[in-house]
Novice: 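Just passing along the structure, written as structure tokens.
Throughout, protein chains are lettered first and strands after them, A, B, ... in sequence-line order, and every chain is numbered starting at 1. Note that the coordinates shown come from a computational prediction; the quantities given were computed from them, not determined experimentally.
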Amino acid sequence: MPGRSLSARCPVSCVDLLRSTDSVQDYSLSVFTVCIVADVSISHVLLGVLSSGPAHGYDLKREHDIRFPGAKELPYGQVYAALQRLERDGLVEVAETVRDGGPERTVYALTESGRAELDTWLASPESAGPYPADELVRKAVTALRTGVDARSFLARQREVHLARLRELLAAQDATTDPAGRAAIDHAVFHLDADLRWLEAAEGRLNAPSSSNHQGDPS
Amino acid sequence: MTDQLISARAVRKAYGRTEALRGVSLDISAGEKLAITGPSGSGKSTLLLSLAGILRPEAGEISYDGRRLDDLSEAERTRLRRREFGVVLQFGQLVPELTAVENVALPLMLERHARASADRIARGWLERLDAGALADVVPGELSGGEAQRVALARALVTSPRVIFADEPTGALDTVAGEQVLVALYDAAKETGAAIVMVTHDNRVAARADREVRMLDGTIA
Ligand SMILES: Nc1ncnc2c1ncn2[C@@H]1O[C@H](COP(=O)(O)OP(=O)(O)O)[C@@H](O)[C@H]1O
Ligand SMILES: [Mg+2]
């Protein structure tokens with residue numbers, strides 16, 4: 001599906017989106033796109049994991065969470081649903097069913113068309129957005145618009161972001177694998193972009209064009 | 001008597017009519033890693049240079065290890081800066097005519113170390129910063145990251161108790177900047193030196209123990 005943005009994680013819970021609409025007619029194209037796209041993208045990540053060898057659902061979930069430490073953990077149900085669809089579409093197949101004392105586990109393997117699908121996906125670059133506004137943007141812009149102590153809001157938000165940045169950098173220092181470090185870089189750079197945006201917002205509050213002139217007479 | 005290594009009280013500094021510092025108070029403990037952040041022109045560099053005894057504020061007090069900097073004679077201040085403080089700026093400020101090891105040995109030579117021992121200590125620091133192979137190279141032939149390592153070695157060579165750094169990774173790319181920073185933090189951890197660092201890089205700030213944000217000449 002060329003030109004579609006395949007976001008690595010669903011920005012809005014698809015279930016919540018579906019529940020928030022009253023009837024099927026209310027589903028806009030964009031709602032569908034968000035849901036479908038998010039699933040497609042997770043499927044491709046799963047194909048990517050399977051390209052290094054067969055695995056069962058829980059392994060896939062765990063590997064996803066390790067690979068994307070900045071993202072929300074993948075619910076097992078989503079992995080299971082994605083595997084069902086991938087199997088239906090012939091992109092993965094059941095390699096074996098094992099039972100080592102515990103419950104039965106299905107081990108999946110990449111098929112030839114699964115490999116081809118993965119190659120096609122990786123061969124086309126991601127679209128550059130637009131991405132949906134996240135909670136940070138919603139809250140900060142609301143704080144700036146209402147003007148209620150926007151400066152303290154920005155300062156508190158900076159602390160939270162810096163604390164998270166600190167955690168990510170500590171995790172990165174503890175990682176020797178280059179791909180793992182690169183995955184953390186992605187989360188780090190996004191936090192950094194948010195931090196710089198918060199700084200710019202603070203700067204806008206202090207800019208001469210606003211009522212808070214910097215030549216404060218105190 | 002104080003448990004603070006550096007203590008600033010109501011420090012003010014102006015350049016002509018520009019008030020760069022408008023009453024800044026700040027305490028820094030031994031071994032602490034402090035990041036000074038804030039928009040450009042907010043007074044970060046002026047604060048750093050004042051704390052390092054390089055600029056003299058017009059008002060307020062700055063104490064180091066319980067002694068007020070403005071009570072010291074010029075000779076005492078110079079000795080303090082050479083022995084207790086290490087300074088690194090955005091561009092390493094290496095002497096272009098000297099090799100890396102000569103640059104690093106310079107502060108020791110100024111303290112009248114014999115050339116052979118200064119050279120040996122300098123090489124040791126270059127090695128600790130993964131720059132041993134650069135010892136005999138002149139600054140013009142070093143990459144930005146390499147030059148900053150040499151500048152760090154020079155700042156560390158006298159085993160200072162405080163390292164003052166103004167945007168030390170500002171001119172480096174992500175990976176080179178991170179390597180220089182980690183090298184600095186590791187070295188400081190070993191020697192117990194405090195680090196006072198001006199930075200506009202949030203990742204650098206996040207690696208510090210504490211952040212002080214400047215805004216219009218005051219701490220925000
Ligand atoms: N040598 C100087 N002469 C005149 N004004 C200066 C000088 N150095 C700094 N300033 C002014 O003092 C203010 C603070 O500067 P500085 O401490 O360099 O800020 P920062 O490091 O946060 O960018 C700025 O308005 C700057 O223009
Ligand atoms: Mg500056």
Novice: Measure B:Ala208 against the heavy atoms of chain A and call it side chain, backbone, both or neither at under 4.5 Å.
Specialist: backbone

Novice: Checking side-chain contact (heavy atoms from CB on, under 4.5 Å) between B:Asn202 and each of A:Asp192, A:Val188, A:Leu191, which is the one that passes?
Specialist: A:Asp192

Novice: Can you give me the closest heavy-atom contact between B:Arg207 and A:Asp173, atom names plus distance?
Specialist: NH1-OD2, 2.7 Å

Novice: Heavy-atom distance under 4.5 Å to chain B: side chain of A:Glu202, backbone, both or neither?
Specialist: side chain

Novice: Side-chain contact, heavy-atom cut-off 4.5 Å: B:Glu178 with A:Gln172?
Specialist: yes

Novice: Find the one option among A:Arg164, A:Arg196, A:His161, A:Arg166 whose heavy-atom pairs under 4.5 Å with chain B are most numerous.
Specialist: A:Arg166

Novice: With a sphere of 6.0 Å drawn around CZ of A:Phe189, does it hold more than 12 non-hydrogen atoms of other residues, nucleotides or ligands?
Specialist: yes

Novice: Please determine whether the number of non-hydrogen atoms from other residues, nucleotides or ligands lying under 6.0 Å from atom CD of A:Glu112 exceeds 12.
Specialist: no

Novice: What's the separation between atom CZ in B:Arg213 and atom CD in A:Glu199, rounded to the nearest 0.5 Å?
Specialist: 5.0 Å

Novice: Answer yes or no: does atom CD of B:Glu190 have more than 12 heavy-atom neighbours from other residues, nucleotides or ligands under 6.0 Å?
Specialist: yes

Novice: Please report the shortest heavy-atom distance between B:Thr37 and A:Arg158, naming the atom on each side.
Specialist: OG1-NH2, 4.1 Å

Novice: Ignoring hydrogens, what is the shortest heavy-atom contact between A:Leu162 and B:Glu211? Give both atom names and the distance.
Specialist: CD1-OE1, 3.1 Å

